[in-house]
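Worksheet: one structure, shown below.
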Amino acid sequence: MVDPTDERYLLDGAWFPVTHGITFLAADAATCADVLVSWRGRATTELTGGVLRTRRVEGTLPELLGTLLPLRTAYVTRYLMLPTAGARWTAMLDNSWRGSEAISDAAGMAAQPGGVRGVGVVDSPQTFDRRTRTGWWGARGVAVFDPDPSAKWGVRGSIVKVQVSDTGRRWELTEPDEEWPLPEPLDREARRTQDKFSRASLLRVVDSLGIRLHDESFYAPDGWGVLVELVGGRGVPGRERTLAQAQAHDFAEER
């Protein structure tokens with residue numbers, strides 16, 4: 001069980017914003033890579049002229065995360081599939097310089113033909129400073145999506161999330177709908193919006209799914225993963241950024 005006072009981040013935050021959001025998929029890494037290529041492959045080829053290819057990568061968790069570099073400002077070109085301890089989930093991350101859109105990716109992976117259950121988790125500290133326009137908007141969120149061919153978009157699911165608004169002035173709450181399949185996440189008696197879905201609650205929810213979000217040993221326990229990367233083509237929109245640039249909040253995308 002998680003410690004409700006846990007304030008850690010994965011690898012002590014050394015790989016933030018890469019680890020800002022993580023998608024967990026209920027299939028093995030190779031299957032997840034196949035679903036991703038089926039989903040993203042055609043659009044990627046149409047836009048770039050390149051193709052998505054997969055390859056096995058090996059190393060420690062930091063070394064595996066390093067295969068995502070450089071980060072990209074406008075178009076994701078690498079995705080990393082990491083087996084996890086217990087083999088129930090595969091963790092998926094990408095090389096977006098602001099962190100992956102884990103909740104959207106979980107829905108997208110569930111909605112594909114042959115799609116898999118997806119859980120998107122976002123856990124980001126609030127460091128945004130309105131005066132300097134630097135830092136990161138705080139966010140905590142969990143979403144669960146299951147394939148459902150009878151649904152309008154081929155998927156059904158529910159989301160709970162708190163995040164700082166784009167202005168950086170206040171927190172906003174997205175409440176789960178009636179289909180929420182996990183333990184009650186909200187403290188409806190809390191006065192502050194950000195406390196209605198606390199970090200301790202987020203950790204309890206993911207723990208109920210068997211996800212040890214901040215436990216380094218949970219990821220790639222056998223020291224390997226599957227990298228899906230863009231190969232060839234005429235280039236993609238946006239610019240490259242180092243991890244240090246992303247962590248320094250170098251937001252000028254076209255510079």
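What you see is a predicted model, and the numbers here were worked out from it, not measured in a lab.
Ion pair R55/E229 flagged as a salt bridge, since at least one NZ, NE, NH1 or NH2 atom sits closer than 4.0 Å to an Asp/Glu carboxylate oxygen. Electrostatic pairing of E175 and R188 counts as a salt bridge here, judged by a charged N lying under 4.0 Å from a carboxylate O. Under the 4.0 Å criterion applied to side-chain N and carboxylate O atoms, D146 and R117 are assigned as salt-bridge partners. For R8 and D215, the salt-bridge test fails: no basic side-chain N is under 4.0 Å from an acidic carboxylate O.
Side-chain atoms of S198 and D195 include no donor-acceptor pair closer than 3.5 Å. Defined by atom type and a distance below 3.5 Å, a donor-acceptor pair is missing between the side-chain atoms of Y79 and S100. Under the 3.5 Å distance criterion, with hydrogens and angles disregarded, a donor-acceptor pair is assigned to the side chains of S150 and D148.
Between the Q163 side chain and the A139 main chain, no donor and acceptor come within less than 3.5 Å of each other. Formation of a donor-acceptor pair under 3.5 Å by the Q247 side chain with backbone atoms of A244 is not found in this model. No donor-acceptor pair closer than 3.5 Å links the side chain of R140 to the backbone N or O of P125. With hydrogens and angles disregarded, no donor-acceptor distance shorter than 3.5 Å links the side chain of S38 to the backbone of D34.
The one candidate from L68, D94, N95, L11 that meets the side chain to side chain contact (heavy atoms under 4.5 Å, CB included) condition with V18 is L68. Residue W97 forms a side chain to side chain contact (heavy atoms under 4.5 Å, CB included) with just one option from T73, T242, V76, L243, and that option is T73.
Judged by the 6.0 Å and 45° rule, R199 forms a cation-pi pair with Y9.
Taking all atoms of both residues into account, the shortest heavy-atom contact from P185 to S201 is O-OG, 2.6 Å. Closest approach of L82 and W224 over heavy atoms only: CD2-O, 4.4 Å. Nearest heavy-atom pair across G157 and F145 is CA-CD2, 3.7 Å. Taking all atoms of both residues into account, the shortest heavy-atom contact from I159 to A143 is CG1-CB, 3.6 Å.
Taken from CG in L93 to CH2 in W15, the straight-line distance is 10.5 Å, to the nearest 0.5 Å. Here the straight-line distance linking atom OG of S96 with atom CG of L71 works out to 8.0 Å at 0.5 Å rounding. Between the CG atom of L64 and the CG atom of L80 there is a distance of 6.0 Å, given to the nearest 0.5 Å. For the atom pair CZ of R170 and CD of Q194, the computed distance is 12.0 Å after rounding to the nearest 0.5 Å.
Within a 6.0 Å radius of CZ in R191, other residues, nucleotides and ligands contribute 12 heavy atoms or fewer. Dense packing is recorded around CZ of R88, with more than 12 heavy atoms of other residues, nucleotides or ligands lying under 6.0 Å away. Heavy atoms from other residues, nucleotides or ligands lying under 6.0 Å from CH2 of W153 number 12 at most.
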**Item:** side-chain contact (heavy atoms from CB on, under 4.5 Å) evaluation trace for L213 with D207
**Value:** CA-CA 8 Å; L213 187 63; D207 183 64; over 6 Å; no
